[in-house]
Amino acid sequence: MSWEPRPPFDPTLLKVGTELRRVGVEPARGQWHAVRRGIWLPTDVWEGLAAEERHQAFTHATLLSSPGATPLVLAGHSAASMWRPPRIEPWPRHILVLDTEHTMGPSQFVRVRRAPPVPRTRTHGVLVTPPARTVIDLACTGTLDTALAAADNALARALCTREELRAEYDLLVPGSKGRGNAALVVDLADGLSGSPLESLSRLQMFRASFPPPVLQAEYRDRIGTMLTDFDWERLIGECDGHTKYRVPAGATPEQATQVLWDEKRREDRLRRFKPVARWTWSTARSTSALARLLMSHGLRPQPRSTWFELGSSRSS
């Protein structure tokens, strides 16, 4: 099941407090939410935003509050909020900007990422680092969980190539913070991963030393073709996202019932080929929990990893 980003936040919805007061509106007394000091958004709009869109709104508000002769270039998680890959953890309460000349200092809401120059890209009205640099910055400044989910998604959406990821990795100074995470992201990224849950699950399998699964394996029967999330010689692995059995948000009871029935039939069909292990976010967030579930279905960890040829990125 492919992951698709939501439409980006519309920055024209943001209003400067002084401009609102000029037309007789006092935002502190009405239905307005302070995105940042002096920058407001209608409360009903704010409450309807997803976490990613709230960070986009905060980012635009921070840029609006930081006028300067040189436009700021978003990096790391802030650039990612504009490229819109999935994120595993909550969004930070600061933005990250690129500093190629080591002349900037951090402030309460702005952090700097000191890194080599890179061609700037404008998207959704702001300057950002390109996708490959953004992914590597995520690996160096955040968690491996989110960085791998972002890398998988970037490859799936053709935002960048593995070669571009490796080229950005090669620019990192040996011994620099996060370089090991970045090497793993380059080695493990796979555009066949269909969701952040699948990315996280695959990372937990790697951490637990299970054999690497085949992604999107195809099974055919008289009814049709089925693709699986994970496949091993004697086991199929399936994971379900925010709602069990992939019931879409806003589905009617009848639609939900049909989805449940279709999924049950699909799983029954798959079980004619081999056993099926199924899990949700609560299991995938724990390496040990997912390991226990897979082991209960007969899958065993390996004494030595076979996920990739050792030394590809980590030895460079």
Side-chain angles (χ1 to χ4, degrees), residues 3-100 103-113 120-131 134 137-138 141-142 146 149-150 153 157 159 196 242-243 248-252:
W3 180 90
E4 292 295 338
R6 291 167 62 107
F9 171 76
D10 180 1
T12 63
L13 296 173
L14 294 170
K15 303 299 179 184
V16 179
T18 54
E19 296 299 323
L20 289 173
R21 295 183 183 97
R22 190 170 296 165
V23 295
V25 175
E26 176 47 65
R29 298 176 186 171
Q31 299 299 309
W32 292 84
H33 174 85
V35 180
R36 260 208 60 174
R37 183 177 180 180
I39 309 296
W40 301 80
L41 194 64
T43 301
D44 60 340
V45 173
W46 175 262
E47 292 178 345
L49 298 180
E52 169 195 304
E53 297 165 310
R54 289 187 177 187
H55 186 77
Q56 292 171 354
F58 172 76
T59 299
H60 283 291
T62 301
L63 294 176
L64 194 60
S65 303
S66 306
T70 304
L72 296 177
V73 180
L74 299 178
H77 66 270
S78 297
S81 74
M82 301 300 166
W83 290 118
R84 296 171 292 150
R87 183 174 179 84
I88 305 295
E89 301 83 22
W91 290 90
R93 185 61 179 173
H94 64 267
I95 70 169
L96 190 67
V97 300
L98 179 64
D99 178 18
T100 61
T103 58
M104 300 175 61
S107 64
Q108 180 180 1
F109 295 116
V110 180
R111 305 288 189 274
V112 296
R113 170 68 175 158
R120 304 181 306 180
T121 302
R122 183 174 292 276
T123 183
H124 307 309
V126 295
L127 294 174
V128 298
T129 53
T134 299
D137 282 349
L138 283 172
T141 61
T146 281
N153 184 259
R157 294 164 59 198
L159 294 178
H242 296 293
T243 52
T252 66

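Taking CG of L98 as the start and OG of S78 as the end, the distance is 11.5 Å to the nearest 0.5 Å. H33 contributes atom NE2, which lies 9.0 Å from atom CD of E47 (distance to the nearest 0.5 angstrom). From R120, atom CZ reaches atom CG of L72 across 10.5 Å, with rounding to the nearest 0.5 Å. Remark: K15 NZ to L20 CG distance equals 7.5 Å, nearest 0.5 Å. Between the CZ atom in F9 and the CH2 atom in W46 there is a gap of 8.5 Å [rounded to 0.5 Å].
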Evaluation steps, side-chain contact (heavy atoms from CB on, under 4.5 Å), between L74 and L63
CA-CA 10 Å; L74 299 178; L63 294 176; 4.2 Å; yes
Working for side-chain contact (heavy atoms from CB on, under 4.5 Å), residues R122 and M82
CA-CA 10 Å; R122 183 174 292 276; M82 301 300 166; over 6 Å; no
Quick one: do D44 and Q31 satisfy side-chain contact (heavy atoms from CB on, under 4.5 Å)? Show the steps, please.
CA-CA 8 Å; D44 60 340; Q31 299 299 309; over 6 Å; no
Using the rule given for side-chain contact (heavy atoms from CB on, under 4.5 Å), can you reason through L41 versus L49, listing the C-alpha separation, both sets of side-chain angles and the distance that settles it, and then say yes or no?
CA-CA 11 Å; L41 194 64; L49 298 180; 3.9 Å; yes
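The shortest distance between side-chain heavy atoms of R37 and S65 does not fall below 4.5 Å. Put simply, the side chain of R87 does not reach to within 4.5 Å of the side chain of H55, judged on heavy atoms. Put simply, the side chain of T59 does not reach to within 4.5 Å of the side chain of W91, judged on heavy atoms. Considering only heavy atoms from C-beta on, E89 stays 4.5 Å or farther from H77 through its side chain. In this structure, the side chains of H60 and R36 stay at 4.5 Å or more apart for every pair of heavy atoms. For the pair V25/W40, no side-chain contact is recorded, criterion being any heavy-atom separation below 4.5 Å from C-beta on. Contact annotation: the side chain of W32 never approaches that of E26 to less than 4.5 Å [non-hydrogen atoms, C-beta and beyond].
A donor-acceptor pair under 3.5 Å is absent between the side-chain atoms of E19 and the main chain of V16, judged by distance alone. At least one donor-acceptor pair closer than 3.5 Å links the side chain of R111 to the backbone N or O of S107. Looking at T134, its side chain never comes within 3.5 Å of a backbone N or O of A80 through a donor-acceptor pair.
Minimum interatomic distance between L14 and A57 (heavy atoms only, all atoms of both residues): CD1-O, 3.9 Å. Nearest heavy atoms, N153 versus P85: OD1-CA, 3.5 Å. Residue T12 comes nearest to D10 through the heavy atom pair OG1-OD1, 2.7 Å, listed as atom of the first residue, atom of the second, then distance. Between R113 and A75, the closest heavy-atom pair is CB-CB, 4.2 Å. Taking all atoms of both residues into account, the shortest heavy-atom contact from R84 to P8 is NH1-CD, 3.5 Å. For G76 against L96, the heavy-atom pair with the smallest separation is CA-CD2, 3.7 Å.
Counting heavy atoms of neighbouring residues, nucleotides and ligands inside a 6.0 Å radius, atom CZ of R93 exceeds 12 of them. For R21, the CZ atom counts as densely surrounded, since its 6.0 Å shell holds more than 12 non-hydrogen atoms of other residues, nucleotides or ligands.
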